[in-house]
Structure formats: structure tokens, C-alpha cells
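Notes to accompany the following structure.
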Amino acid sequence: MEQLISLVVANGLWAALFCILLAFEIRDSRRRESKYTATISSLSERLGTVNAVKSDTAEIKADAKTIMSDTAAIRKTGVKKRGEVGAV
């Protein structure tokens with residue numbers, strides 16, 4: 001530490017300004033890194049939600065396809081609607 005102080009005194013004002021700027025940048029980069037970490041964590045949680053919605057949507061599409069095929073099969077068999085003559 002003493003060597004650093006003697007170096008600053010020997011080189012004058014520019015060395016002192018450099019040391020102050022270096023300390024400021026290190027402190028600022030730590031703060032920025034913590035914000036980035038929080039942002040990444042938040043986005044990771046939201047990605048889990050998006051994946052859950054994606055799987056639910058896939059299930060709904062599969063159910064819709066099943067309903068469409070069942071409806072087509074019913075139409076082919078000629079099942080009569082309620083209230084028609086000979087309806088079941």
C-alpha cells in the first residue's frame with residue numbers, strides 16, 4: 001500500500017486521477033454485474049412459464065385434432081340430430 005501511495009505522489013495529479021477513476025469503475029462494474037445477474041435470473045423464470053404455456057398449447061391442439069376426427073367420423077356414419085325422425 002505504501003508503494004502505491006509513493007507512486008501516486010511521485011507521478012502527481014494524473015496518477016491520483018487514474019486511481020480514483022479505477023476505483024469508481026470497479027465499483028460501478030460490480031453494481032452493473034449484480035443488475036445483469038438479476039435480469040438473467042428473471043428471464044430464466046419467465047422462460048419456464050413460456051415452456052409451460054407451450055406444452056399446454058400442444059395438449060390443446062392434440063385434443064382439438066381428436067375432436068375434429070371424432071366429428072368427421074360421426075358425420076360419415078350419418079347419425080341424425082336430436083329431434084329428427086329416427087334419431088337415437
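Atom OG of Ser29 sits about 10.5 Å away from atom OH of Tyr36, to the nearest 0.5 Å.
A donor-acceptor pair under 3.5 Å is absent between the side-chain atoms of Ser42 and the main chain of Ala38, judged by distance alone.
The side-chain heavy atoms of Asn51 and Ser55, taken from C-beta on, include no pair separated by under 4.5 Å.
Sorted by first and then second residue, the salt bridge (Lys or Arg N to Asp or Glu O under 4.0 Å) pairs involving residues 52-63 (not counting sequence neighbours) form an empty list. Pairs passing the salt bridge (Lys or Arg N to Asp or Glu O under 4.0 Å) check and including a residue from residues 25-39, sequence neighbours excluded, read Asp28-Arg32.
The other members of the hydrophobic cluster of Leu22, by chain and number, are Phe18, Ile26 (side-chain heavy atoms under 4.5 Å, ILVMFWY only).
Take Ile20 and apply the side chain to side chain contact (heavy atoms under 4.5 Å, CB included) test, not counting sequence neighbours, and it matches no residue. Take Thr71 and apply the side chain to side chain contact (heavy atoms under 4.5 Å, CB included) test, not counting sequence neighbours, and it matches Ile67, Arg75.
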